[in-house]
Amino acid sequence: MPSDRAAFVYDVRLTEHVYRPDHPLRPERLRGVHATLSELGAFDRPNAAVLAPRDATRHEIERIHAPDYVEAVMQASADPDLDFSQWGMQQWGDTPPFRGMHEASLLTTGATLVAMAEVIDGGARVAVNYAGGLHHAMRRRASGFCIYNDPAIVCGLLADRGMKVAYVDIDAHHGDGVQAAFYDTDQVLTISLHQDGRTLFPGTGFADERGSGKGAGYSINMPLAPYTDDAAYIPAFDAVVPPLVDRFRPDVLVTQQGIDSHFSDPLTHLMVSTRTREHCVRWFRAAPYPWVAMGGGGYDLDAVRRTWSMEYLIMLGASIPSELHDPDPPVATGARRTMIDEAVDGAMRDALAAAFR
Ligand SMILES: [Zn+2]
């Protein structure tokens, strides 16, 4: 590895778009992350770098998305009052059309592409775009707050260079759009840990969705029971992610680090704390793979601020101030403990049984 540099892609323009005044996804949340890291002196460290985003090109977007869908997003961006429901965008739905959405999404995606280039060119050991990680967008459909699927675009562009890519998604929701994009190939291994689709959007992500054709065994899913806490999540991660990623031996590790799995998140029922996230992100950093990281969901703004600040400090190899951690994470007991542990045990076994050999 050429350096221990950890790059952070940021510009206030990544934080300025508003889906709808009452919408839970608030890009402004990144300002708190940036301000906290600035106050802690993170960007003054010798191995830190702040990189400016760029706009993704139409060609890059079309690595994953159909041209007619991109045209529809451009039209929605200019005239959001028209009807775009056939493309997954509805005024009062999860993913509303809004003025400037195409331009905002080009910048969000381009920020992830800047992170990718920095890592592939050897400029950094890891680069992160916390504005990205929009893993639900499909080839011809917006979905779940996601317009252009930047993690899938990055995985696809890396695969086009002949690289093997391991994609690990620790958002509370199934990484369905990324899984769909690489379902039939063994060049991109997708692993998603998420709340069970029987209880949460998008309703998919079961162990039997394991890929098809050459891709059989290269889509790995770990549906976790509602109320899964640190004590269950950490062993589940350890049982599946390190062994499968190491067996696959990727050229690049790509991670989606949505923090809507946090116990205080208003949209999901997973119950993990900053302790789980410290554990996962320390493994990503210790693994011997160039690493492109993204954000994702996260709807409790203070949990987002503390967790993503902590994660970037881990990327830098810096110590973590105690005020970033949850002081008192929840621990399930009694019948709920038994239910969670049994469900997680089953999910681990099923995920490993479904995996490539
Ligand atoms: Zn999510």
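Scope of the values below: all heavy atoms of this structure, side chains included, with no hydrogens, waters or symmetry mates.
Within the model, atoms OG1 of Thr268 and CZ of Phe201 stand 13.5 Å from one another, a figure rounded to the nearest 0.5 Å. A distance of 7.5 Å separates OG1 in Thr190 from CD1 in Ile220, rounded to the nearest 0.5 Å. Distance check: Asn129 CG to Glu118 CD gives 13.0 Å after rounding to the nearest 0.5 Å. Remark: Arg306 CZ to His325 NE2 distance equals 9.5 Å, nearest 0.5 Å. If you take CZ on Phe248 and CG on Leu253, they are separated by 11.0 Å, rounding to the nearest 0.5 Å. Between atom CZ of residue Phe84 and atom CD of residue Gln90 there is a gap of 12.0 Å, rounded to the nearest 0.5 Å.
Side-chain contact between Leu37 and Phe43 is present, with at least one heavy-atom pair separated by less than 4.5 Å. In this structure the side chain of Trp291 reaches within 4.5 angstrom of the side chain of Thr255, judged on heavy atoms. Using a 4.5 Å heavy-atom cutoff, the side chains of Thr108 and Leu134 are in contact. Residues Gln179 and Asn221 form a side-chain contact, since some pair of their non-hydrogen atoms from C-beta on lies under 4.5 Å apart. His135 is not listed as a side-chain neighbour of Met294, based on a closest heavy-atom distance of 4.5 Å or more. Counting heavy atoms from C-beta on, the side chains of His34 and Tyr130 never come closer than 4.5 Å. Contact of the Tyr167 side chain with the Val252 side chain is not registered, since no non-hydrogen atoms from C-beta on lie closer than 4.5 Å. The shortest side-chain heavy-atom distance between Val241 and Val168 falls under the 4.5 Å cut-off.
By the ring-ring contact (aromatic ring centres under 6.0 Å, His included) test, Phe237 is found to be paired with Phe284, residues two or more places apart in sequence or in another chain being considered.
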* Check step by step if side chain to side chain contact (heavy atoms under 4.5 Å, CB included) holds for Asp176 and Met138. => CA-CA 8 Å; Asp176 57 343; Met138 294 290 177; 3.5 Å; yes
* **Verdict with supporting geometry, Ser273 and Asp230, side-chain hydrogen bond (donor to acceptor under 3.5 Å, both in side chains)** => CA-CA 7 Å; Ser273 79; Asp230 294 338; 2.6 Å; yes
* Step-by-step side chain to side chain contact (heavy atoms under 4.5 Å, CB included) determination, Ile259 to Glu311 -> CA-CA 11 Å; Ile259 183 55; Glu311 291 178 356; 5.6 Å; no
* To do: Evaluate the side chain to side chain contact (heavy atoms under 4.5 Å, CB included) criterion for residues Thr109 and Glu60: first the C-alpha distance (whole Å), next the side-chain angles of each, then the deciding distance (0.1 Å), finally the verdict.
  => CA-CA 9 Å; Thr109 305; Glu60 289 164 338; over 6 Å; no
* What do the steps show when you test Leu324 against Leu313 for side chain to side chain contact (heavy atoms under 4.5 Å, CB included), and what is the final call? -> CA-CA 11 Å; Leu324 296 183; Leu313 292 173; 3.7 Å; yes
* To do: Determine, stepwise, if the pair His59 / Thr57 fulfils side-chain hydrogen bond (donor to acceptor under 3.5 Å, both in side chains).
  => CA-CA 5 Å; His59 185 72; Thr57 66; over 6 Å; no
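Between Phe145 and His23, the ring planes lie perpendicular to each other; the angle is over 60°, past the 30° to 60° tilted range. Taking the six-membered ring where tryptophan is involved, the planes of Tyr19 and Phe98 are tilted, since the angle between them lies from 30° to 60°.
Hydrophobic clustering, with ILVMFWY side chains joined whenever heavy atoms are under 4.5 angstrom apart, keeps Val178 apart from Leu224. Cluster membership for Leu25 and Leu30, using ILVMFWY side-chain heavy atoms within less than 4.5 angstrom, is not shared. With hydrophobic clusters built from ILVMFWY side chains whose heavy atoms lie under 4.5 angstrom apart, Val188 does not share a cluster with Ile191. Connection of Val9 to Leu113 is not established within any shared hydrophobic cluster, with ILVMFWY side chains joined at heavy-atom distances below 4.5 Å, either directly or through further cluster members. Phe182 and Leu244 sit in two unconnected hydrophobic clusters of ILVMFWY residues. Membership requires side-chain heavy atoms under 4.5 Å apart, directly or through other members.
Side chain of Arg5 to backbone of Gly123: a donor-acceptor contact under 3.5 angstrom is found. Of the possible polar contacts, one joining the Asp150 side chain to the Gly133 backbone as a donor-acceptor pair under 3.5 Å is found. Side-chain N or O atoms of Thr338 include one that pairs as donor or acceptor with a backbone N or O of Gly334 at under 3.5 Å. Formation of a donor-acceptor pair under 3.5 Å by the Glu209 side chain with backbone atoms of Phe206 is found in this model. The main-chain N or O of Tyr289 is found under 3.5 Å from a side-chain atom of Arg125 such that the two form a donor-acceptor pair. Formation of a donor-acceptor pair under 3.5 Å by the Asp326 side chain with backbone atoms of Pro329 is not found in this model. Looking at Gln195, its side chain never comes within 3.5 Å of a backbone N or O of Leu200 through a donor-acceptor pair. One N or O on the side chain of Arg20 and one on the backbone of Gln91 form a donor-acceptor pair closer than 3.5 Å. Formation of a donor-acceptor pair under 3.5 Å by the Arg277 side chain with backbone atoms of Thr307 is not found in this model. Between the Asp229 side chain and the Met271 main chain, no donor and acceptor come within less than 3.5 Å of each other.
At a threshold of 4.0 Å, the pair Arg31-Glu16 does not count as salt-bridged, since none of the basic side-chain nitrogens sits closer than that to a carboxylate oxygen.
For Arg58, the CZ atom counts as densely surrounded, since its 6.0 Å shell holds more than 12 non-hydrogen atoms of other residues, nucleotides or ligands. Around the CZ atom of Arg141, the shell of radius 6.0 Å holds no more than 12 heavy atoms that belong to other residues, nucleotides or ligands. No more than 12 heavy atoms of other residues, nucleotides or ligands sit less than 6.0 Å from atom CZ of Arg26.
Taking every heavy atom of both residues into account, Met89 and Ala142 meet most closely at CG-CB, 3.7 Å. Annotation for Leu316 and Ala42: closest pair CD1-O, 3.7 Å, computed over non-hydrogen atoms. Closest approach of Asp260 to Gly298, counting heavy atoms only: CB-N, 3.7 Å. Looking at every heavy atom in both residues, Pro290 comes nearest to Val119 through CB-CG1, 3.4 Å. Pairing each heavy atom of Asp350 with each of Ala207, the nearest pair is CB-CB, 3.6 Å. Among all heavy-atom pairs drawn from Trp308 and Gly258, the shortest one is CZ2-CA, 4.3 Å.
Screening His194, His136, His269 for a ring pair (Phe, Tyr, Trp, His ring centres under 6.0 Å) involving His173 leaves a single residue, His136.
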Quick one: side chains of residues 100-107, donor-acceptor pairs under 3.5 Å with protein atoms, not counting sequence neighbours, listed by atom name and distance.
{"from": "His102", "atom 1": "ND1", "to": "Tyr148", "atom 2": "OH", "distance (Å)": "2.8"}
{"from": "Glu103", "atom 1": "OE1", "to": "Ser77", "atom 2": "OG", "distance (Å)": "2.7"}
{"from": "Ser105", "atom 1": "OG", "to": "Met101", "atom 2": "O", "distance (Å)": "2.6"}

